[in-house]
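Below, all heavy atoms of this structure are taken into account, side chains as well, without hydrogens, waters or symmetry copies.
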Amino acid sequence: MGNMATQTQFHVLAVDDSLIDRKLIERLLKTSSYQVTAVDSGSKALEFLGLNGENEDEEMDSSVESVSAADEDHQVGVNLIITDYCMPGMTGYDLLRKIKQSSSFKDIPVVIMSSENIPSRINRCLEDGAEEFFLKPVKLSDVNKLRPHLMKGITTKNEMQSNTNKRKGSEEIQSPDRTRPRYNELEVV
């Protein structure tokens with residue numbers, strides 16, 4: 001039964017180098033009944049997700065921690081990542097790109113937050129896959145905008161798992177010539 005509660009509670013990975021901002025976003029997310037894992041850098045976020053293996057081979061301790069963190073992630077699952085844009089080392093934009101390039105995590109919604117209102121930066125993040133761009137300080141009304149993205153991520157994952165074979169089979173039967181795109185079993189003419 002405890003496993004059931006874990007599945008219904010959304011898990012958010014919060015990334016911010018500022019302790020104050022990290023605690024604020026963590027408190028807002030927990031107030032909205034999200035399970036939160038907070039880390040202080042993009043590299044620690046990748047480590048938690050198990051995506052840092054190719055970059056930090058010389059640090060044996062980090063790779064050992066990475067394995068246990070990845071195991072924990074597979075048990076709990078991350079439903080959304082919210083990250084600060086300006087961080088030393090790896091920026092939130094760099095983290096966004098690494099996540100979107102990952103076959104395992106590319107469908108997880110990513111939200112960027114920043115205290116700097118720079119339209120070109122905001123547009124670049126949104127064009128490269130961010131679901132939202134929040135200006136700091138993040139408010140409860142911002143956190144309330146996350147739920148549709150979480151639901152979309154779960155729907156997309158479930159659809160991909162349950163419909164992969166069904167769609168493949170129906171395309172082969174109904175459309176042997178695959179030159180026309182199909183959307184939800186409808187042919188576009």
Item to check | Main-chain N/O of Arg27 paired with Thr31 side-chain donor or acceptor, under 3.5 Å | outcome: yes
Checklist entry - For the side chain of Asn79 and the backbone of Leu150, is there at least one donor-acceptor N/O pair under 3.5 Å apart? => result no
Next on the checklist: Restricting to side chain to side chain donor-acceptor pair (under 3.5 Å), what partner residues turn up for Tyr34, sequence neighbours left out?
Outcome noted: none
Next on the checklist: Do Phe48 and Val78 have side chains that approach each other closer than 4.5 Å (heavy atoms only, starting at C-beta)?
Outcome noted: yes
Checklist entry - Is the shortest heavy-atom distance from the side chain of Leu95 to the side chain of Leu46 under 4.5 Å? => result yes
Checklist entry - Excluding sequence neighbours, so at least two apart, what forms side chain to side chain donor-acceptor pair (under 3.5 Å) with Arg124? => result Tyr85
Next on the checklist: Give me each pair satisfying salt bridge (charged side-chain N to carboxylate O under 4.0 Å, His left out) with a member in residues 111-123, each pair once, sequence neighbours excluded.
Outcome noted: Glu116-Arg121
Checklist entry - Excluding sequence neighbours, so at least two apart, what forms salt bridge (charged side-chain N to carboxylate O under 4.0 Å, His left out) with Glu131? => result Lys152
Next on the checklist: Given 3.5 Å as the limit, does a donor-acceptor pair link the side chain of Asp21 with the main chain of Ser18, or not?
Outcome noted: no
Checklist outcome for this item: Residues Asp142 and Leu135: closest non-hydrogen pair is OD2-O, 4.2 Å
Checklist entry - Side chains of Asn123 and Ser120: do they bring a donor and an acceptor to under 3.5 Å? => result no
Checklist outcome for this item: Sequence neighbours excluded, the answer for salt bridge (charged side-chain N to carboxylate O under 4.0 Å, His left out) partners of Glu127 is none
Checklist outcome for this item: Taken in chain and number order and not counting sequence neighbours, the residues that satisfy salt bridge (charged side-chain N to carboxylate O under 4.0 Å, His left out) with Asp40 are Lys44
